[in-house]
Amino acid sequence: MAAVRVEEVLAAAEEQEAEKRRSVTVEKELELEFDLGNLLAVDRNPPPAAGLRGAGPRREALLRALARDNAQLLVARLWELPAERAGGAGGPLVARLPDPAFRLPREKPPPRPRPPTRWEQFARLKGIRRRKRTSLVWDEQAKEWRRRWGYRRAGGDPARAWLAEVPEGADPQEDQFARLRREKRERVARNELNRLRNLARAHRAGTGTGTAAPAAPLHPTGHQSREELGHVARVARVSTASLGRFQPRLPKEPAEPPSRSGGRKRRFEPLLGNLAAERSRQLELLRDMGSKRPVLDITRAVNKQLRQEEAEAAAAKGKKQSQRGKRGRRQQRAGRSTKKSGARRQQQQQRPVGSGTGGGGGKRKKA
């Protein structure tokens, strides 16, 4: 058995102790620059060029050790910050980070603010400030809390009231209920026209800066079709944080096929990757920005929507008129049949007994 020297044992013990101290102590020739607000550490020390030549396990081990030492220095700086317990004495220990020193660039541009509507511009010009009002008010007639505006509002719809007050100076023979209904239709049409104008104005403001028009929100209407309800249900399903993965389905809702995007709401390209693909993508974006033709023709879309609504309203009006016409024709036919039968009975009663039905009179007996 070979003899073990005392110097070798002491050297091995010192090496083990140094390895233990190395887990928390790191020495650098140049001190690192820290930005604790961004959890960033910048190492100005040049790495050993001999160890980074070529590719192999030695290079990977050197890079791993370098990253470990820098991370250890960053964690040691974080422990020097003032710490406190979050959520009481039994909570985790957290440190308050200082303000960031470096301004990191964004990958995507910040979203542009929504262009103001005509009312917002008028209110800003006149100094009108928005006052927060409660959405529910007490209805004295129904003896309950109701909405201030909209369906089943407090006070009810004046056009549906059983009593209408005649304004001063108005024609006493005018139908006030018809006037109220006409004014309501005009208000609804004016509001819809203003909404479409705001969409067109927002599109013009967006095209002037090279951006596309924002998508129109989903507004509830009187009677939604099956396709509209399905579209709204799909939008509401994927609006959750899990993109509808844990959302319970309706009783008769069909199972949707998996999306092509892999279930991700947004897809961002990596910062470091294929430079040729990034160059082609940027060139395509510049061509779209330089072209004068907008990506979406909002005027054509608005005109199409208006024509569709007018066609639906005309179809509904024609259907009602056809039903009323059928009912009126039935009544006219019934009245004509009763008049004809009554005239026939009266003629039969006034006709003499010996008269016949022919034009030359009845048959005569020979003498």
Side-chain angles (χ1 to χ4, degrees), residues 106 108-141 145-161 164-171 174 176-224 228 231-232 235-236 239 288-289 292-313:
R106 290 174 56 101
K108 303 297 181 183
R112 295 185 179 273
R114 179 181 59 84
T117 60
R118 293 186 62 184
W119 165 248
E120 292 175 351
Q121 295 176 1
F122 176 78
R124 185 182 305 173
L125 181 63
K126 296 296 183 180
I128 301 175
R129 296 183 179 180
R130 182 177 180 181
R131 294 179 299 175
K132 187 175 181 181
R133 303 171 66 183
T134 58
S135 60
L136 298 179
V137 293
W138 179 256
D139 191 358
E140 294 292 342
Q141 298 179 0
W145 291 92
R146 288 191 175 183
R147 300 184 183 90
R148 187 182 296 273
W149 305 103
Y151 177 68
R152 290 179 58 84
R153 62 181 179 180
D157 190 359
R160 297 180 176 231
E165 182 179 359
V166 179
E168 184 179 358
D171 186 8
E174 183 183 4
Q176 300 299 324
F177 297 101
R179 181 182 60 83
L180 294 176
R181 288 193 296 267
R182 184 176 62 256
E183 291 178 355
K184 182 178 180 180
R185 287 195 300 269
E186 292 175 356
R187 287 196 304 269
V188 171
R190 185 167 58 253
N191 292 336
E192 182 66 16
L193 180 60
N194 291 335
R195 183 181 72 86
L196 296 177
R197 284 179 176 174
N198 290 334
L199 288 177
R201 188 178 298 105
H203 169 68
R204 288 195 298 269
T207 53
T209 56
T211 58
L218 298 174
H219 294 287
T221 58
H223 303 281
Q224 288 93 350
E228 292 176 352
H231 175 62
V232 173
V235 171
S239 297
D288 292 342
M289 292 175 61
K292 297 182 179 180
R293 185 179 63 181
V295 180
L296 176 63
D297 191 359
I298 190 64
T299 305
R300 184 177 180 182
V302 169
N303 293 336
K304 184 177 180 181
Q305 179 69 16
L306 290 175
R307 287 195 299 269
Q308 184 178 359
E309 293 178 357
E310 290 176 359
E312 292 177 357

OG1/T117 to CG/L199 distance, rounded to the nearest 0.5 angstrom?
-> 11.5 Å
So, for P116 and Q121, which heavy atoms are closest and what is the spacing to 0.1 Å?
-> O-NE2, 3.6 Å
E165 atom CD, neighbour heavy-atom count above 12 within 6.0 Å = no
Would one find more than 12 heavy atoms of other residues, nucleotides or ligands at under 6.0 Å from atom CH2 of W149?
-> no
Is it true that E120 and R114 have a side-chain N and a carboxylate O under 4.0 angstrom from each other?
-> yes
Do R307 and E310 meet the salt-bridge criterion of a basic N to acidic O distance under 4.0 Å?
-> no
Rounded to the nearest 0.5 Å, what's the gap from CZ on R146 to CZ on R152? Could you check?
-> 4.5 Å
N198-R201 side chain donor-acceptor pair, cut-off 3.5 Å = yes
Does a sphere of radius 6.0 Å around CZ in R153 hold more than 12 heavy atoms from other residues, nucleotides or ligands, not counting ones at 6.0 Å or beyond?
-> yes
So do R187 and K184 actually touch side chain to side chain, heavy atoms under 4.5 Å?
-> yes
Charged N to carboxylate O below 4.0 Å: is that the case for E183 and R179?
-> yes
To the nearest 0.5 Å, how far apart are CG in N194 and CH2 in W119?
-> 12.5 Å
Side chain R147, main chain Y151, donor-acceptor under 3.5 Å = yes
Sub-4.5 Å side-chain heavy-atom contact between S135 and R148 = no
For R129, does the CZ atom sit with more than 12 other heavy atoms under 6.0 Å from it, leaving out its own atoms?
-> no
Closest contact, heavy atoms only, A164 versus L180 = CB-CD1, 4.3 Å
d(R190 CZ, R197 CZ) to nearest 0.5 Å is 11.0 Å
